[in-house]
Number of protein chains: 2
Amino acid sequence: MTAKMKTWAYEDFVEGASLDLGSKLVSAAEIVEFATEFDPQPMHLDEEAGRASILGGLAASGWHTCSMFMRMLCDAFLLDSTCQGAPGVDQVKWKKPVLAGDKLTGTLLVVAKRLSKSKPQLGLVTMRSELFNQRGESVFELENSVMFLTRDAAGRPA
Amino acid sequence: MTAKMKTWAYEDFVEGASLDLGSKLVSAAEIVEFATEFDPQPMHLDEEAGRASILGGLAASGWHTCSMFMRMLCDAFLLDSTCQGAPGVDQVKWKKPVLAGDKLTGTLLVVAKRLSKSKPQLGLVTMRSELFNQRGESVFELENSVMFLTRDAAGRPA
């Protein structure tokens with residue numbers, strides 16, 4: 001493998017900074033495809049069942065919303081970063097239904113950062129992310145900490 | 001719609017009870033398919049890149065593990081329940097990599113339950129779930145609260 005310098009290393013995340021996560025149009029076909037494989041509850045499979053549920057329409061599985069958020073994160077900066085994965089998620093809030101035809105936009109706030117004590121080439125960045133629908137309503141919140149290599153560690157050949 | 005009595009209503013969850021979530025074999029093709037759509041980081045797309053990463057092999061996206069867990073939950077009892085969705089997730093831990101060829105098994109513990117104060121036909125069941133690989137190692141933990149209709153509310157036509 002060739003060592004390629006990534007744009008986003010640990011040092012490039014600034015506490016208090018906010019990042020744009022772009023946008024994502026959610027289609028009925030995608031909702032049904034995801035639900036068929038991972039969450040085949042009626043309100044995620046069928047428009048009529050969705051309308052009859054408390055979600056009020058054909059609604060994305062909460063895990064589908066998480067997954068679409070992840071793709072937005074990847075496209076916004078994660079694929080061009082020194083990301084080393086994440087140990088988990090501190091909290092997910094599914095605040096409002098994500099319905100077929102919705103257009104999601106997202107923002108990410110850098111809440112905190114710290115270098116690992118045991119592995120000084122690795123830092124943990126705590127992020128609070130939020131997705132909104134086309135009416136500006138907050139539909140999703142997530143907080144977690146993601147591991148990034150430092151710029152030095154990423155530039156040094158393994 | 002015909003009112004069909006579901007096996008699992010709010011009353012059927014007993015604090016301290018544990019439920020079997022069955023098993024799930026994780027294929028390389030599924031890992032790559034999910035990652036291509038939702039989390040195209042190299043360690044989720046390519047065996048060699050996975051081996052070079054801290055995950056040690058072609059590894060499922062953490063969101064893929066969440067989604068596979070959701071399907072195990074659906075098949076174990078959720079599709080035959082009065083489930084009304086969930087407001088979110090309190091915590092997810094990706095404890096060890098889930099690699100191509102792994103066989104996951106799962107258990108769920110009913111931690112607590114309470115009726116909604118504002119909607120007495122609805123109860124909230126707090127669950128702690130865990131997935132293990134074929135070596136018995138705990139790879140995933142999740143805690144959240146899920147809404148279920150009471151048996152009376154579910155049996156009563158809308």
Side-chain angles (χ1 to χ4, degrees), chain A residues 1 24 30 33-46 48-50 52-55 59 61-75 78-81 83-97 119 122 140-144 146-147 149 158, chain B residues 1 24 30 33-46 48-50 52-55 59 61-75 78-81 83-97 119 122 140-144 146-147 149 158:
Chain A
M1 284 198 301
K24 162 72 185 161
E30 288 171 303
E33 186 186 2
F34 185 97
T36 301
E37 187 166 357
F38 296 115
D39 190 358
Q41 299 185 77
M43 64 280 202
H44 304 316
L45 290 173
D46 180 75
E48 196 188 336
S53 79
I54 58 171
L55 300 176
S61 163
W63 297 113
H64 189 192
T65 303
C66 288
S67 301
M68 291 188 285
F69 157 76
M70 186 65 199
R71 181 56 190 257
M72 292 168 77
L73 199 68
C74 281
D75 291 344
L78 206 73
L79 295 182
D80 189 25
S81 78
C83 176
Q84 300 294 298
V89 179
D90 295 321
Q91 187 153 58
V92 175
K93 290 183 192 168
W94 295 309
K95 298 168 75 180
K96 279 182 180 285
K119 298 175 185 162
L122 208 61
F140 175 82
E141 277 180 39
L142 179 142
E143 186 165 324
N144 77 335
V146 179
M147 298 178 286
L149 288 177
Chain B
M1 284 200 303
K24 160 74 186 160
E30 288 172 302
E33 186 185 2
F34 184 97
T36 301
E37 187 165 358
F38 296 115
D39 189 358
Q41 298 185 78
M43 65 278 202
H44 304 315
L45 290 173
D46 180 74
E48 196 187 334
S53 78
I54 59 171
L55 300 177
S61 163
W63 297 113
H64 189 192
T65 303
C66 289
S67 301
M68 290 189 285
F69 157 76
M70 186 64 199
R71 181 56 189 257
M72 292 168 77
L73 198 68
C74 281
D75 291 345
L78 207 72
L79 295 182
D80 189 26
S81 78
C83 176
Q84 300 292 298
V89 179
D90 295 321
Q91 188 153 57
V92 175
K93 290 183 191 166
W94 295 309
K95 298 169 75 178
K96 281 183 177 286
K119 296 175 186 163
L122 209 61
F140 174 82
E141 277 180 38
L142 179 142
E143 186 165 324
N144 76 336
V146 180
M147 298 177 287
L149 288 177

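So that the names make sense, note that chain A is the first sequence line, chain B the second, and so on, each numbered from 1.
- Atom CE in A:Met43 sits 5.5 Å away from atom SG in B:Cys83 (nearest 0.5 Å).
- Looking at A:Leu142, the atoms closer than 4.5 Å to chain B (heavy atoms on both sides) all sit in the side chain, from C-beta outward.
- Proximity to chain B is absent for every atom of A:Ala59, based on heavy atoms less than 4.5 angstrom apart.
- In this structure, chain B has no heavy atom under 4.5 Å from any part of A:Met72.
- Most heavy-atom pairs under 4.5 Å with chain A: of the set B:Glu141, B:Glu30, B:Gln91, B:Met70, this distinction falls to B:Met70.
- When each of B:Met68, B:Lys93, B:Gln41 is scored by its heavy-atom pairs under 4.5 Å with chain A, the top score falls to B:Gln41.
- The number of heavy-atom neighbours closer than 6.0 Å to NZ of B:Lys119, taken from other residues, nucleotides and ligands shown, is 12 or below.
- There is no contact between B:Phe140 and chain A, counting heavy-atom distances below 4.5 Å.
- Across all their heavy atoms, B:Ala86 and A:Trp94 have their closest contact at O-CE3, 3.4 Å.
- Across every non-hydrogen atom of B:Cys74 and A:Asp39, the tightest pair is SG-OD1, 3.5 Å.
- Between A:Phe69 and B:Trp63, the angle of the ring planes goes over 60°, which puts this pair in the perpendicular group of the 30/60° scheme.
- Heavy-atom distances place the backbone of B:Thr36, and not its side chain, under 4.5 Å from chain A.
- By the 4.5 Å heavy-atom criterion applied to side chains, A:Gln84 and B:Ser53 are not counted as neighbours.
- Distance CG/B:Leu149 to CD1/A:Ile54: 8.5 Å, rounded to 0.5 Å.
- For the pair A:Cys66/B:Phe38, no side-chain contact is recorded, criterion being any heavy-atom separation below 4.5 Å from C-beta on.
- Taking chain B as the reference chain and counting heavy-atom pairs below 4.5 Å, the highest number among A:Glu143, A:Glu37, A:Met147, A:His64 is found for A:Glu37.
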